[in-house]
Amino acid sequence: MTFTLPDLPYAHDALQPFMSKETLEFHHDKHHLAYVNNGNNAIKGTEFEGKSLEEIVKASHGKNAAVFNNAGQHYNHLHFWKWMKPNGGGKIPGALEKAIVDSFGSVEKMKEDFVAAGVGQFGSGWAWLEVKGGKIAVSKSPNGESPLVNGASPILGCDVWEHSYYIDYRNRRPDYLKAFLESLVNWEYVAEMYDSAAKA
């Protein structure tokens with residue numbers, strides 16, 4: 001399959017003031033586009049041609065850095081844009097909220113752990129909610145890795161590469177992560193991914 005850059009599911013200025021138009025113009029239109037173009041070039045003539053994106057991410061991990069880095073980031077960003085929405089945050093759908101409480105004890109504890117994972121990720125990477133063994137857990141990963149390569153299913157990810165937040169938050173990564181959870185997350189999309197992962 002050939003990677004293509006999706007349109008954002010909202011206008012570039014729709015997530016303000018929590019994520020600026022300038023950030024989305026750089027992050028989506030330039031950074032994500034580069035992963036798409038570089039990934040397509042890296043895959044040409046390899047055994048990864050014709051495979052699905054998830055298959056490419058899993059199969060190239062630890063074997064082909066150029067393919068993995070770009071495919072991994074393309075996968076992560078395809079979902080990242082959908083994990084956010086204008087007027088996000090707020091109430092978590094019932095079944096997902098129950099699963100979060102079952103796994104963490106409370107929604108607040110999940111949020112604390114998620115922020116701590118994102119803050120504790122040294123350098124570039126991601127903070128995650130993942131489903132593994134029927135439970136929801138928090139994890140973090142470097143660079144373009146995701147729970148996919150560790151046998152888990154990602155249901156929410158926050159990009160903590162500096163280009164994701166530096167224009168808006170400078171070096172205040174904790175403030176960015178809190179704003180992401182409280183004001184940007186599209187919990188309905190997280191719930192959809194949770195339902196799929198729970199059935200798998």
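Everything numeric in this text was worked out from a predicted model, so none of it was measured.
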Under the salt bridge (Lys or Arg N to Asp or Glu O under 4.0 Å) test, which residues partner [X], sequence neighbours left out?
{"X": "Lys82", "answer": "none"}
{"X": "Arg172", "answer": "Asp175"}
{"X": "Asp113", "answer": "Lys109"}

**Prompt:** Does any N or O in the side chain of Asn186 come within less than 3.5 Å of the main-chain N or O of Lys85, such that one atom is a donor and the other an acceptor?
**Reply:** no

**Message:** Within the 3.5 Å criterion, strictly below it, is a donor on His31 or Trp161 matched to an acceptor on the partner's side chain?
**Reply:** no

**Message:** For Ser146 and Trp128, which I'm curious about, is there any donor-acceptor pair between the side chains at under 3.5 Å?
**Reply:** no

**Fill in**
side-chain hydrogen bond (donor to acceptor under 3.5 Å, both in side chains) with His27: of Glu22, His77, His32, only one passes, and it is His77

**Asked** What residue pairs, at least two apart or across chains, pass side-chain hydrogen bond (donor to acceptor under 3.5 Å, both in side chains) with a residue in residues 7-17?
**Response** His12-Asp29

**Asked** Can you list every side-chain hydrogen bond (donor to acceptor under 3.5 Å, both in side chains) pair that touches residues 189-200, not counting sequence neighbours?
**Response** His79-Tyr189

Does some side-chain heavy atom of [Y] sit less than 4.5 Å from a side-chain heavy atom of [X]?
{"X": "Val160", "Y": "Ser124", "answer": "no"}
{"X": "Ile56", "Y": "Phe3", "answer": "yes"}
{"X": "Met193", "Y": "Leu156", "answer": "no"}
{"X": "Tyr176", "Y": "Asp168", "answer": "no"}
{"X": "Met84", "Y": "Phe180", "answer": "yes"}
{"X": "Val190", "Y": "Trp83", "answer": "yes"}

**Prompt:** In the single-linkage hydrophobic clustering (I, L, V, M, F, W, Y; side-chain heavy atoms under 4.5 Å), do Leu8 and Tyr165 co-cluster?
**Reply:** yes

**Message:** I want to check a possible cation-pi pair here: Lys30 against Phe26, using under 6.0 Å from ring centre and within 45° of the ring axis as the test.
**Reply:** yes

**Complete:** Here the pair of heavy atoms bringing Pro6 nearest to His28 is O-NE2, 2.6 Å

**Request:** Please identify each residue that fulfils side-chain hydrogen bond (donor to acceptor under 3.5 Å, both in side chains) with Ser52, with sequence neighbours left out.
**Result:** Glu55

